[in-house]
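Okay, so here's the structure we're looking at.
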Amino acid sequence: KDQVVAKKLMWQVAEGLQALHKQGIVHMDFHPGNVLVDMKNEKAVVMDFGTSTRVNQYDLKPPEVQTGENSFLAPEIRAKEPISIAADVYGFGQMLLYIFEGGKVLSGDINEIIERDKFPNAPKYENLFTNIKDTKARELIVSFLQKDPKARAPIEDFFKCEFFKP
């Protein structure tokens, strides 16, 4: 039941991000604290647009944002490099990992972590996932967490993944 509700809520969050992105807006500070959840009615809404900005391509320098230790911020935001809507996709991928893998948050380059920690003869990404067994869901999260924003899958790919359908 918990996973069913989590899928429903994350579906709504993805719809919110998609709506922002269609308007050319990047949230820039996407993490669980910026999602308002009503568990009674099973509703989730993206909120806190204080650092949101409009972008066109990969050519915008991010505004000054307080990065702190927020692991949900995309590497390009933390490095003050050019940003795009892919920055929010990274945060969304972190949130999927956090929710469906029991509080796990990626720290570092996902490809290096996968290579460093892989187990001999283990299924793909076994070192990263313990709860999510669906291969396509694993691959989707890995694609959202790519260090290179141009290598990240678009948020629309979330809606194509059967595992996450509510």
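None of these values were measured; they are calculated from a predicted model. We use all heavy atoms of the structure for the numbers below, so side chains are in, but hydrogens, waters and symmetry mates are not.
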Taking all atoms of both residues into account, what is the closest heavy-atom pair of Ala137 and Ile132, and its distance? CB-CG2, 3.8 Å
Determine whether the aromatic ring centres of Phe144 and Tyr90 lie less than 6.0 Å apart. no
Phe100 versus Phe129: any side-chain heavy-atom pair under 4.5 Å? no
For the backbone of Lys150 and the side chain of Asp148, can you confirm whether one donor and one acceptor N or O come within less than 3.5 Å of each other? yes
Between CZ of Arg138 and SG of Cys161, what distance do you get to the nearest 0.5 Å? 12.0 Å
Residues forming a salt bridge (charged side-chain N to carboxylate O under 4.0 Å, His left out) with Lys8, sequence neighbours excluded: Glu42
Nearest-0.5 Å distance, CD of residue Gln146 to CD1 of residue Ile141: 12.5 Å
Can any side-chain N or O of Arg152 pair as donor or acceptor with the backbone N or O of Ala86 at less than 3.5 Å? yes
Looking at every non-hydrogen atom in both residues, tell me the closest pair between Gly93 and Leu145 and how far apart they are. C-CD2, 3.7 Å
Would you compute the distance between atom CG of Leu20 and atom CD of Glu15 and round it to the nearest 0.5 angstrom? 12.5 Å
With a cutoff of under 4.5 Å between side-chain heavy atoms, which Ile, Leu, Val, Met, Phe, Trp and Tyr residues group with Met47? Leu36
Do Val45 and Ile155 belong together in a cluster built from hydrophobic side chains that touch within less than 4.5 Å? no
Measure up the Phe92 and Phe30 rings against each other and bin them: parallel (under 30°), tilted (30 to 60°), perpendicular (over 60°). tilted
Any chance you could measure Met28, atom CE, to Thr53, atom OG1, to the nearest 0.5 Å? 6.5 Å
Can you confirm whether Asn34 sits close enough to Val46 that some side-chain heavy atom of one is under 4.5 Å from a side-chain heavy atom of the other? no
Heavy-atom nearest pair, His27 first then Asp48, reads NE2-O, 2.9 Å
Can you give me the closest heavy-atom contact between Ile99 and Ala6, atom names plus distance? CG2-CB, 3.9 Å
Fit a plane to each ring of His31 and Phe72, take the angle between them on a 0 to 90° scale, and name the class: parallel (under 30°), tilted (30 to 60°) or perpendicular (over 60°). tilted
By the salt bridge (charged side-chain N to carboxylate O under 4.0 Å, His left out) test, which pairs, at least two apart or in different chains, include something from residues 153-166? Asp157-Lys160, Glu162-Lys165
If you look at every heavy atom in Ala87 and Val26, which pair is closest and at what distance? CB-CG1, 4.3 Å
Do Leu140 and Phe164 touch side chain to side chain, with heavy atoms closer than 4.5 Å? yes
Rounded to the nearest 0.5 Å, how far apart are CG of Asp29 and OG of Ser52? 8.5 Å
Please assess Thr130 against Glu101 for the test side chain to side chain donor-acceptor pair (under 3.5 Å), listing each intermediate value before the final yes or no. CA-CA 7 Å; Thr130 53; Glu101 287 296 324; 2.9 Å; yes
Shortest non-hydrogen pair, Asn131 vs Gly102, comes out as ND2-N, 3.8 Å
With a distance cut-off below 6.0 Å to the six-membered ring centre and an angular limit of 45° from the axis, does Lys7 pair with Phe163 as a cation-pi contact? yes
Kindly compute the distance separating CG (Leu17) from CE (Met10), expressed to the nearest 0.5 Å. 8.0 Å
